[in-house]
Amino acid sequence: MKSYDPKKIEKKWQAAWQKSGIYNANDKSHKPKFYSLIEFPYPSGDGLHVGHVRSNTAMDIISRKRRMEGHNVLYPIGWDAFGLPTENYALKTGKAPAVVTKENIATFRRQLQMLGFSFDWSREINTTDPNYYKWTQWIFLEFWKRGLAYKKKTFINWCPKDKIGLANEEVINGCCERCGTTVEKREKEQWMLAITKYANRLDRDLDTVDYLPEIKTQQRNWIGRSEGAEIEFAIKNSDLKITTFTTRADTLFGVTYIVLAPEHDLVTNVLEHTTNAAEIQKYINAAKKKTEIERTAADREKTGVELKGIRAINPANNEEVPVWIADYVLADYGTGAVMAVPAHDERDWEFATKYNLPITEVVVPNIIDKRNPPVAGKKTVERKNVHAIVRDPSTGKYLGLQWKNFDWLTFPMGGIEDGEDAATAAQREVLEETGFKNLKVIRVLAGQARAEYFAAHKDQNRVSYTTAVLLELVDHAQVPLSPEEKEKYDIVWLDSSKLNYEHMTHAEIGVWVEKISAKNPAYTGEGMLINSGTFTNTNSNEAKTAIAKKFGKIVTTYKLRDWVFSRQRYWGEPIPLIHCKKCGWQAVPEKDLPIILPPVKNYQPTDTGESPLAATTAAMKKWRTTKCPKCGGAATRETDTMPNWAGSSWYFLRYIDPRNKKTLADKKKLKTWQPVDWYNGGMEHTTLHLLYSRFWNKFLYDIGAAPTSEPYAKRTAHGLILAADGEKMSKSRGNVINPDQVVATYGADTLRLYEMFMGPFDQPVTWNTDGIIGPRRFLERVWRLQEKIYKKATDTVLESLVQKTIKKVSADIEAMQFNTAISAMMILVNSLEKAEKISAELYEILLQLLAPFAPHITEEIWHTLGHTKSIHLTPWPKTDETKIQKEEVTIIVQVDGKMRDSFQAMPTLGEQEAVKQAKNLASVQKWLLQKTVARIVYVPGRLVNIVTVS
RNA sequence: GCCGGGAUGGCGGAAUUGGUAGACGCACACGACUCAAAAUCGUGCGGAGCAAUCCAUGGGAGUUCGAUUCUCCCUCCCGGCACCA
């Protein structure tokens, strides 16, 4: 037997597969189709890294298994080659980006081929190929023709380092996604794509696809669907109106002021009617200068300026309220204006407290006392109550009353008398009921609580609105108590663990405890409406809809913003539009597509945000100068380019028909292959590429260019491979591991196997090669097993293990649990090694199971065994349940839940027999000495648990 | 702050979803082969203990005959969102 030499056999089989084209998809096959997709790589100068190997191998295993299962598989590959790193490299070296890209692709192609992935190389695509980006430009024009691409002067996120505008999705914590530089705001004219028009469908249609739940959640959070209401506030002495957006229409009667975003259009319109215009203007200017980070830092103190002289009218009660501007209100969410309800919104509370604005409570928590529920037929009395929560600072305990005639434990409490405030009432009650006379009011807990209960001592039902007052004992001085008060209760001191409904009578106690520790007293929960006109005494959830309908209209808003689509850099698809002074923006006629990216001398972006295509050189001027397609007059080309997300937003469609010159892809072929059956990629693309491409696909579907409304039926995500330092691999950190060396040392099959064995596929792993020798040894063992093959060997135990392994490996691949699949094959090999001889039949099944993981070695052995057809075209082994021998199993014997012994038996063993055998075991009897058996638990085929009386 | 995910030997990780905790692999130790080394093969390998046995899945409580698995509380780590009204 030759020794295992991956260097030789891997090259050999890669060439053979390439020649025979066994991995090429067939557009006309009658087999069921399977379209498996990986995120096509960006061919960076670093070359392929081990992270690519992990995700590509995973989908390669699945694709290979599907082929063996009789599917017509499309597993394509291409290059997402436009983008900043290449351009920056070109800037540094002076090499043209197109040249750099070509070189990088050559490296990537060599590396991917070296790893034996079963890609259909005949469909290779490249987003920087004019034959490809012709259709990217075409799609853009379709957007434009339908008004979904539009130019807008807007504040954009500007990265001062990369000198590029960024989409919201590319800003992470206020920093550039790529380079980490703090993003500035710049006002620029930008092309926008109206992704918000698709917000509803992008959200709703997640129900129709099989994505990992966390992917759906993240997309939903990003889209940020929010059901609420728009309510208009008229401006006094004016025709103007302020439209506010709220999700809490039920709190409308609690509005005490209105806040506009500083950028709100209305501010300019009313400025002349204000008495403090200069102050307002100053605030607006300051707000514009702030970066996103400065403005949205959550712990930042709120600021604002009143529009003095302007009053808004609450449509619910015709009350006049002041109007403010404040930068805690975002211009581009909702309507850019909010109705402030400080009693029930933490931000409004903070603002109102700072600027002394009134606070009106309109929702109170409503509790029905479970232990003392209202009794039917008794009369109901409304009361205003106070609870005095008195803390003794010397002990940290709280003052309570243990009632003598009832089983009650309460705080000092009582009704609030007319004209009396809560703090005074609380002190009065403490004095009357306990005699303590020196008290300090800490604070009145904001917000009342409503409770419904039966007051036994008065034989009546009560609806109480209670305010709690937090007090501290200054000293223990007491006045003598009246005899009748002494009769009623004993004074007790409660530590804080007693402040709950289990110990205390007050149904409100939970509310009080929460309020005592709350950082912000605004009550944001649901409850019963008070001070709300005809809506008083209705539940806040019901009132929400009713009030919204009566005083406004119900609307849905989204956090998602339109996509800033233009970039001022060179290495991207030119936006195919022409500007004519007379006719405005015009589309490049389809026959003139693609607009080819012209060669330039200087790729340097400018600080003014102009693309290199806008340079004043003669060559660039010449490129820009064109004719208006409408009037034939002089016109200029758009110089902005598209973001690097453009080409990847539809590439999965182009794979289906990559050389089509007439259309982006043939409709019939699209119908054959779409949707992608299984798309694996990184979580980091969830709110970028994955969302963008769903949007483009939906648009293409709407115009009849894509056959399905959703592009991907199933989406999974891999865990990142981190560098040895636990950081993300990146060139800037200099910690990228290139697979070339590993393949040279161990072979591609070993690397593939190792990466799938390292840990759970969906979790991140830290790269190290300490364990790689394990998978290599495993392959060596598989190789050497050839020597043990005998034609007539049979071993039912081994046969049954092989069948179990088929079952396990098949299921694990589907669940992407590759590590346990490999472990199962290792267990099988360990057993096969111990056998004297093994049958060719069993060995071949092992090879077939291993083939998707290690395609070269298995193909080599397969042919050595005398086969002439590729192992990768053989049918995937099926589990034969009849061969899973009815083996004896180990029955565990426990005494009182602790494992004491075990015995072998058939899994069908009956309870009586099992118990008998268990009790007969000497080691079990030892544990039963002087004990009485209370009961016995028998889990068939698993265990016997003898429980004794304790 | 909110929403996810997680914590198991020296290390990477298993555990049929409530039923022998530590599969499989790495590392390590000892042995065989060898002049020797590598490779390979065999044995051992959570901790304490001579042993019987006891302890042990981030910490604490609970449910259960039985908890890595379920419930509650706490600590720490990793992602995502973050003044979204």
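What's counted below: heavy atoms across the whole structure, side chains too, no hydrogens, waters or symmetry copies.
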**Request:** For A:Glu230 and A:Thr243, work out which heavy atoms get closest and say how close.
**Result:** OE1-CG2, 3.7 Å
**Prompt:** Just checking A:Lys807: base, sugar-phosphate only, or nothing, at a heavy-atom cut-off of under 4.0 Å?
**Reply:** nothing
**Prompt:** Of A:Arg248 and A:Gly771, whose nearest nucleotide on RNA chain B comes first from the 5' end?
**Reply:** A:Gly771
**Item:** Polar pair under 3.5 Å, donor/acceptor by atom type, side chain A:Arg900, base B:U20
**Value:** no
**Prompt:** Hey, does A:Ser902 reach any base, or is it just sugar-phosphate, or nothing, if we go heavy atoms under 4.0 Å?
**Reply:** nothing
**Message:** From C-beta outward on A:Val765, which listed nucleotide comes closest to its side chain: B:G19, B:A85, B:G13?
**Reply:** B:G13
**Asked** Would A:Arg776 and A:Glu780 pass as an ion pair if we require N to O under 4.0 Å?
**Response** yes
**Asked** Is the gap between the ring centers of A:Tyr328 and A:Phe351 under 6.0 Å?
**Response** yes
**Request:** Look at all strands and tell whether A:Thr890 reaches a base, only sugar-phosphate, or nothing, counting heavy atoms closer than 4.0 Å.
**Result:** base
**Item:** No-H, no-angle donor-acceptor pair, A:Lys559 side chain to B:C81 base, under 3.5 Å
**Value:** no
**Fill in**
The nucleotide from B:G19, B:G25, B:C83 with an atom nearest the side chain of A:Arg781 is B:G25
**Message:** Students often get this wrong, so: under 4.0 angstrom with heavy atoms, is A:Ile773 touching a base, only sugar-phosphate, or nothing?
**Reply:** sugar-phosphate
**Item:** Pairwise P distance, B:C26 and B:C81 [rounded to whole Å]
**Value:** 40 Å
**Item:** Side chain of A:Asn819 (C-beta onward), nearest among B:C54, B:A14, B:C83
**Value:** B:A14
**Asked** Quick one: does A:Gln218 reach the base of B:G4 with a side-chain donor-acceptor pair under 3.5 Å?
**Response** no
**Prompt:** Within the structure shown, what part of the strands sits under 4.0 Å from A:Asp770 by heavy-atom distance: base, sugar-phosphate, or nothing?
**Reply:** sugar-phosphate
**Asked** With sugar-phosphate meaning primed atoms plus P, OP1 and OP2, does A:Met758 contact a base, only sugar-phosphate, or nothing at under 4.0 Å between heavy atoms?
**Response** sugar-phosphate
**Message:** Taking the minimum atom-to-atom distance to the side chain of A:Thr820, which one of B:A52, B:A14, B:A85 wins?
**Reply:** B:A14
**Asked** Within the structure shown, what part of the strands sits under 4.0 Å from A:Asn830 by heavy-atom distance: base, sugar-phosphate, or nothing?
**Response** sugar-phosphate
